[in-house]
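Below is one structure; the comments refer to it alone.
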Amino acid sequence: MIRRFRRLRASPEMRSLVRETRLAREQLTLPLFVAPGSGYRTEVASMPGVFRESVDRIVEHAKRAFDQGIVSVILFGLPESKDAEGRSALDPSGVVPRALEALAKAVPGLLRIADLCFCEYTNHGHCGPLDARGVVQNDVTTNLLGAQARVLADAGASVIAPSGMMDGMVSAIRSALDQGRHHDIPILSYAAKMASGFYGPFRDAADSTPSFGDRRGYQMDPANGDEAIREVEADLAEGADCVMVKPALPCLDLIRRIKDQFQVPTAAYQVSGEYAMIKAAAARGWLDHDRVMEESLISIRRAGADFILTYFAEAMAAKLPH
Ligand code: PBG
């Protein structure tokens, strides 16, 4: 007997009846880049459709996204000044705290995820202060991350998302938040974050390319899967409420392993390079933009991601049926 799989593929209605994976607007988190000044909005060259925006423009942008059904944004800062210690990361009147305050007022229903890292604030572009050899100091950095988390939580962050891959960062941040009476603010840990070439365009956008060396001393070797499981296990033990895998398409196997093993809310970050790749090929007519956008996002969901941080959030939301 022939097994006739095609019976269930014969019409759009039949296909939608048996579709296993769906994508909803609430599963898409929009990344935003907050710049100083006002009335400022400039497109990132390597990321068409992605902008660096001053706080007033961020608010307008977030409102539009929220009206489309997007319920969360993640904020990255482009500070006015950088130094070796990344001091501007702790400034309560810095661009990200100001954006958090403005968003809380203007779009209260929108979840404000604050990325937590020092690489946007240090003049050398590494994710924390360096020792004499030029190596990021782990325990100094975790303390600073705790302080930065307090500043962002005080300013109105709904979720704190540490992305620096320092050991012990989650417990340091949890205690700092609790000491600041922010017991209710969850931590979304970038638990399995690879030292990936796919972050290239982001570093353009955030002006955070390391001035020397690379991040292989703290981010994970993309060759390692078992280690990703151990990273997630450690972050959960330290108090992470949800975890993230990054990048997304190169790590579909890890999303699935983590989801199967821990059954915790698991996010995936479809990063700048994944976005740029699709944009560039589509611009040349080599790929169908909308099809590939949707297929990449549904594949990340199928692998097990509960929600996806993606620069396609608005474009995808615009295509989803109501
Ligand atoms: C900050 C951070 C990075 C990204 C998210 N948070 C850059 C990096 O680790 O170099 C990358 C996101 C993207 O590529 O879209 N540490």
Side-chain angles (χ1 to χ4, degrees), residues 3-31 49 65-66 68-74 110-111 113 159 161 186 188-194 196 198 222 225 228-229 231-232 236 240-279 281-282 286-322:
R3 295 174 67 186
R4 297 199 183 271
F5 292 104
R6 293 181 52 185
R7 284 183 197 125
L8 298 180
R9 295 177 195 152
S11 70
E13 295 73 25
M14 190 61 82
R15 290 194 291 275
S16 86
L17 189 70
V18 299
R19 187 160 296 136
E20 297 174 32
T21 310
R22 285 173 209 278
L23 198 56
R25 291 180 173 76
E26 314 87 76
Q27 294 164 332
L28 305 170
T29 298
L30 173 68
F66 188 65
Q68 266 190 298
I70 287 168
V71 298
S72 61
V73 295
I74 181 162
L110 181 72
L111 289 168
I113 306 176
V159 177
L188 163 60
S189 180
Y190 287 64
K193 175 173 175 180
M194 301 299 168
S196 170
F198 286 102
I229 302 293
E231 277 279 4
V232 169
L236 291 171
D241 300 279
C242 26
V243 294
M244 195 197 300
V245 177
K246 181 180 168 201
L249 280 189
C251 298
L252 294 179
D253 58 325
L254 302 180
I255 299 172
R256 170 51 58 195
R257 285 177 69 181
I258 288 164
K259 194 67 197 165
D260 283 348
Q261 179 145 352
F262 300 103
Q263 288 104 40
V264 295
T266 304
Y269 199 142
Q270 182 181 45
V271 301
S272 55
E274 297 177 73
Y275 175 82
M277 231 163 33
I278 293 174
K279 284 284 174 188
W286 292 353
L287 286 176
D288 177 332
H289 180 276
D290 288 1
R291 268 192 83 168
V292 173
M293 165 179 76
E294 178 163 11
E295 184 177 332
S296 63
L297 291 166
I298 206 79
S299 304
I300 297 164
R301 286 267 306 124
R302 192 195 65 234
D306 297 293
F307 61 103
I308 305 169
L309 296 85
T310 174
Y311 303 97
F312 286 121
E314 293 165 288
M316 191 63 241
K319 297 239 98 191
L320 289 171
H322 280 280

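No hydrogens, no waters, no symmetry mates; every other heavy atom, side chains included, goes into these values. Index from 1, following the sequence.
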> Which distance, rounded to the nearest 0.5 Å, do you find between the OG of S296 and the CD1 of I278?
Replying inline: 4.0 Å
> By salt bridge (Lys or Arg N to Asp or Glu O under 4.0 Å), which residues pair with R9, not counting sequence neighbours?
Replying inline: none
>> I need the R257 CZ to L254 CG distance, nearest 0.5 Å.
In response: 6.5 Å
> With sequence neighbours excluded, what pairs up with T266 under the side-chain hydrogen bond (donor to acceptor under 3.5 Å, both in side chains) test?
Replying inline: none
> At their closest point, which heavy atom of I255 faces which heavy atom of A268, and how far apart are they?
Replying inline: CD1-CB, 3.7 Å
> Does any N or O in the side chain of S272 come within less than 3.5 Å of the main-chain N or O of F198, such that one atom is a donor and the other an acceptor?
Replying inline: yes
> Of all residues at least two apart in sequence or in a different chain, which pass the salt bridge (Lys or Arg N to Asp or Glu O under 4.0 Å) check with D253?
Replying inline: none
>> Parallel, tilted or perpendicular, judged at 30° and 60°: which one describes the rings of F312 and H289?
In response: perpendicular
> Backbone N or O of Q68 within a donor-acceptor pair of the R25 side chain at under 3.5 Å?
Replying inline: yes
> What residues form a ring pair (Phe, Tyr, Trp, His ring centres under 6.0 Å) with Y190, not counting sequence neighbours?
Replying inline: none
> Has E294 got more than 12 heavy atoms of other residues, nucleotides or ligands less than 6.0 Å from its CD?
Replying inline: no
>> How close do C251 and V245 get, counting heavy atoms only, and between which atoms?
In response: CB-CG1, 3.6 Å
>> Just verifying a value: how many Å separate R22 CZ and L320 CG, rounded to the nearest 0.5 Å?
In response: 11.5 Å
> Does CZ in F307 sit with more than 12 non-hydrogen atoms of other residues, nucleotides or ligands closer than 6.0 Å?
Replying inline: yes
>> So which atom in L30 and which in A65 form the shortest heavy-atom distance, rounded to 0.1 Å?
In response: CD2-CB, 3.8 Å
>> How close do I308 and A305 get, counting heavy atoms only, and between which atoms?
In response: CG1-CB, 4.4 Å
> Nearest 0.5 Å, what's the CD1-CG distance between I300 and L309?
Replying inline: 10.0 Å
> Taking all atoms of both residues into account, what is the closest heavy-atom pair of T29 and I74, and its distance?
Replying inline: CG2-N, 3.9 Å
> What pair of heavy atoms forms the shortest contact from A317 to L28, and how long is it?
Replying inline: N-CD1, 4.1 Å
> With sequence neighbours left out, which residue pairs that include part of residues 300-312 fulfil the salt bridge (Lys or Arg N to Asp or Glu O under 4.0 Å) condition?
Replying inline: K259-D306
> Does E274 reach the main-chain N or O of L249 with its side chain, forming a donor-acceptor pair under 3.5 Å?
Replying inline: yes
>> Is there a side-chain contact between M316 and T310 in this structure, where contact means two heavy atoms from C-beta onward sitting under 4.5 Å apart?
In response: no
>> Distance check, rounded to the nearest 0.5 Å: L23 atom CG versus I298 atom CD1?
In response: 5.0 Å
>> Holding to side-chain contact (heavy atoms from CB on, under 4.5 Å), I want the full list of residues that pass it with R291, two or more places apart in sequence or in another chain.
In response: D288
> Hey, is the main chain of I229 close enough, under 3.5 Å, to the side chain of Q261 for a donor-acceptor pair?
Replying inline: no
> Quick one: CE on M293 to CG on L287, what's the gap to the nearest 0.5 Å?
Replying inline: 12.5 Å
